[in-house]
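One structure is given here, and the rest of the page talks about it.
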Amino acid sequence: MSKFAFAVLAVALSLVSCTGRGDRTVVASRSGITLDSDVYNGGGTDQTDAIQAILDKAEDWGRLHFIMDGAALVSRPLRVHSNTTIECPDRSCGFYLADSSNCSVITNAHQSLDNLLDRNITLIGGVYNNNFPAQVHDRATVDFFSSWVFGMEFYGVEHLTMKGVTIADQRTFALTMANWKFVDIEDLHVDRRRGKDNQNQDGLHFFGPGRFLTLKNIYGNSGDDFIAIAPDEVDHKSSISDVLIDGVMLDDADQGIRLLCCGEGRLDRVTVRNVTGTYKSFGFIITPWFASVPGGGHYGDIVFENINLSSLTPNYDYSGPFLFKIGGNVENLVLKNVHIGRCETPHRPFIIGGRYNSDNQDFEGHPTRIRNLVIDGLLLDGENYPYDVIDVRGADIELLKINDAVITAGGKSLVKVSDSTIGTLLLDDVWAPKLDRLTVAPPGAISRTLNR
């Protein structure tokens with residue numbers, strides 16, 4: 001055996017056996033990786049090539065468990081193959097992106113918007129720092145997925161799991177995914193320590209096609225959307241279904257959760273529950289947003305449950321602040337147990353219809369058609385609101401049901417209708433002693449009102 005071949009064999013054996021178990025587990029500190037960086041302060045020597053060499057072993061070995069027991073500086077996206085687990089023992093471990101790298105920290109090895117080419121990828125613990133101030137916002141390319149500088153990117157993956165991960169100082173979106181199936185993310189921190197307005201420093205963005213997404217205990221801060229589920233925003237045809245978002249804690253995020261469906265795609269069977277914390281401008285945006293794509297999108301069954309947010313002073317002025325804004329073609333939308341407390345600046349509680357992306361009163365090209373909208377459990381106990389609680393503008397609603405509502409704050413009306421039609425307005429167990437009136441609507445706008 002030549003000296004070169006012997007050296008290669010020795011390295012391979014050392015990688016396999018560096019934990020002493022021979023189980024395809026590699027520990028960074030025992031494999032020649034220099035761990036001289038800091039996950040929040042950077043520094044150190046570039047370890048991209050050495051780390052990538054270890055990650056590439058997954059293709060040869062069939063699987064890999066890489067334990068990153070320290071912090072390393074990287075300058076290119078770490079490409080993760082199928083059947084790979086990257087585990088960081090705690091949040092002092094992970095990866096810091098070098099200045100002017102202008103790329104994501106990590107991605108899957110075989111990106112595809114058409115096929116699911118990478119499977120069984122798991123990230124456990126640690127910090128993935130995109131180093132916001134030292135990266136450009138976007139590069140001069142025509143492809144959206146290769147132009148903006150995202151924190152993490154996964155395209156064409158099946159069975160992706162993240163637990164206890166922190167994505168820090170994202171340059172634009174913290175995590176971007178498209179073409180995925182079976183995604184489970186839990187206890188994830190979006191840690192935007194450095195940033196400024198109008199930089200697209202969103203949190204988690206999921207584009208279609210996709211099915212079976214679970215997000216649990218997601219917390220932190222974002223500039224713009226904290227979580228966005230947008231099946232056809234990019235290609236105007238993909239769909240997303242079977243989504244559970246359970247446990248979201250906003251830490252002064254610009255915006256909360258956006259559901260964006262604007263073209264031929266469909267967003268269906270989505271449940272969002274247990275959302276708390278503080279936001280600045282917009283809480284929940286359920287609209288197609290883009291009027292340039294005609295039709296109003298396709299929303300199926302959507303449920304929001306247990307919402308308790310406090311609004312701060314807004315930082316956007318192109319649209320008035322709000323908790324919920326709803327537009328487009330919606331089959332069934334249920335808003336259950338919504339608590340609106342005291343706010344630094346009063347926000348409109350519910351805007352239904354109108355322009356998708358501003359307060360402009362020209363509704364042309366922004367259709368809203370809703371079959372069933374149910375608000376079941378509403379507590380509005382802040383100061384007096386200079387608004388109508390539910391402002392229906394430029395919308396057609398077959399059934400609007402408001403059940404178990406307690407509104408102790410003063411305001412104009414419970415439901416205001418303008419340039420809209422409501423087939424049936426059903427009020428059941430509504431207490432609003434300080435409102436000027438329950439409904440404000442032109443003659444014939446509400447076909448039938450039932451007050452029980």
Side-chain angles (χ1 to χ4, degrees), residues 15 18-19 21 23-31 33-44 47-48 50-52 54-55 57-58 63-74 77-97 104-109 118-131 150-154 157 159-170 173-177 182-193 203-204 213-222 227 246-249 251:
L15 289 176
C18 61
T19 61
R21 298 195 303 268
D23 60 356
R24 306 296 197 271
T25 297
V26 178
V27 179
S29 63
R30 303 181 194 176
S31 60
I33 303 296
T34 302
L35 303 174
D36 59 354
S37 188
D38 183 280
V39 292
Y40 285 109
N41 299 312
Q47 297 297 296
T48 308
I51 295 172
Q52 189 60 58
I54 293 174
L55 295 178
K57 288 296 178 182
R63 56 187 171 86
L64 170 69
H65 183 187
F66 178 43
I67 299 177
M68 185 66 186
D69 57 339
L73 186 72
V74 295
L78 299 174
R79 296 177 293 105
V80 183
H81 300 274
S82 294
N83 308 318
T84 295
T85 296
I86 299 178
E87 180 178 358
C88 297
D90 56 52
R91 284 184 169 87
S92 70
C93 305
F95 310 93
Y96 189 95
L97 189 65
S104 59
V105 179
I106 192 168
T107 186
N108 58 305
D118 291 312
R119 293 173 170 81
N120 308 325
I121 294 175
T122 301
L123 306 181
I124 302 175
V127 176
Y128 295 74
N129 195 316
N130 202 216
N131 187 12
F150 303 129
M152 292 182 170
E153 299 178 85
F154 293 96
V157 295
H159 288 292
L160 173 72
T161 300
M162 296 188 196
K163 293 188 177 182
V165 168
T166 295
I167 307 174
D169 280 339
Q170 65 270 30
F173 300 172
L175 166 67
T176 304
M177 294 190 64
F182 304 119
V183 175
D184 185 358
I185 301 177
E186 187 172 351
D187 297 331
L188 184 138
H189 185 197
V190 178
D191 190 0
R192 187 180 73 131
R193 297 192 174 193
L204 315 183
L213 169 65
T214 300
L215 304 177
K216 289 188 176 182
N217 301 332
I218 314 298
Y219 58 97
N221 175 276
S222 66
I227 296 174
D246 187 359
V248 174
M249 290 150 277
D251 182 13

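Predicted model, so just to flag it, every value in this text is computed and none were measured. In what follows, every heavy atom counts, from backbone to side chain, and hydrogens, waters and symmetry copies are set aside.
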What pair of heavy atoms forms the shortest contact from [X] to [Y], and how long is it?
| X | Y | result |
| --- | --- | --- |
| G43 | S37 | O-OG, 2.8 Å |
| A28 | M68 | CB-SD, 3.9 Å |
| L55 | L64 | CA-CD2, 3.7 Å |
| N129 | V39 | ND2-O, 2.7 Å |
| A109 | H81 | CB-ND1, 3.4 Å |
| S104 | L97 | O-CD1, 4.2 Å |

Looking only at the side chains, is there a donor atom on one of [X] and [Y] sitting less than 3.5 Å from an acceptor on the other?
| X | Y | value |
| --- | --- | --- |
| N83 | N120 | yes |
| E153 | T176 | no |
| N131 | Y96 | yes |
| D184 | T161 | no |
| S222 | R192 | no |
| S92 | D90 | yes |
| D187 | Y219 | no |

Worksheet item: Can any side-chain N or O of D169 pair as donor or acceptor with the backbone N or O of R193 at less than 3.5 Å?
Response: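 Judged by distance alone, yes, a pair lies under 3.5 Å.
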Worksheet entry | Under 3.5 Å donor-acceptor, Q47 side chain and T34 backbone |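 Between the backbone of T34 and the side chain of Q47 there is a qualifying donor-acceptor contact (under 3.5 Å).
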Enter the distance from [X]:[atom1] to [Y]:[atom2] here, rounded to the nearest 0.5 Å.
| X | Y | atom1 | atom2 | value |
| --- | --- | --- | --- | --- |
| R79 | Q52 | CZ | CD | 4.0 Å |
| T107 | L78 | OG1 | CG | 10.0 Å |
| C88 | I86 | SG | CD1 | 7.5 Å |
| I51 | S31 | CD1 | OG | 8.5 Å |
| I106 | N130 | CD1 | CG | 12.0 Å |
| H159 | R119 | NE2 | CZ | 8.5 Å |

Practice prompt. Going by the side-chain contact (heavy atoms from CB on, under 4.5 Å) test, name the single residue among T84, T25, V26 that passes it with F66.
Written response: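 Considering T84, T25, V26, a side-chain contact (heavy atoms from CB on, under 4.5 Å) with F66 is found only for V26.
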Item to complete: Report the residue from L215, L123, L204 that forms a side-chain contact (heavy atoms from CB on, under 4.5 Å) with L188.
Response: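 Checked L215, L123, L204 against L188; only one passes side-chain contact (heavy atoms from CB on, under 4.5 Å): L204.
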Considering only heavy atoms from C-beta outward, does the side chain of [X] approach that of [Y] to under 4.5 Å?
| X | Y | answer |
| --- | --- | --- |
| T214 | D246 | no |
| H65 | E87 | yes |
| I218 | I185 | yes |
| I33 | I54 | yes |
| M177 | M152 | no |

Item to complete: Quick one: do V165 and H189 satisfy side chain to side chain contact (heavy atoms under 4.5 Å, CB included)? Show the steps, please.
Response: CA-CA 6 Å; V165 168; H189 185 197; over 6 Å; no
Fill in: Aromatic plane relationship, Y128 with F95 - under 30° parallel, 30 to 60° tilted, over 60° perpendicular
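Judged by the thresholds at 30° and 60°, the geometry between F95 and Y128 is tilted.
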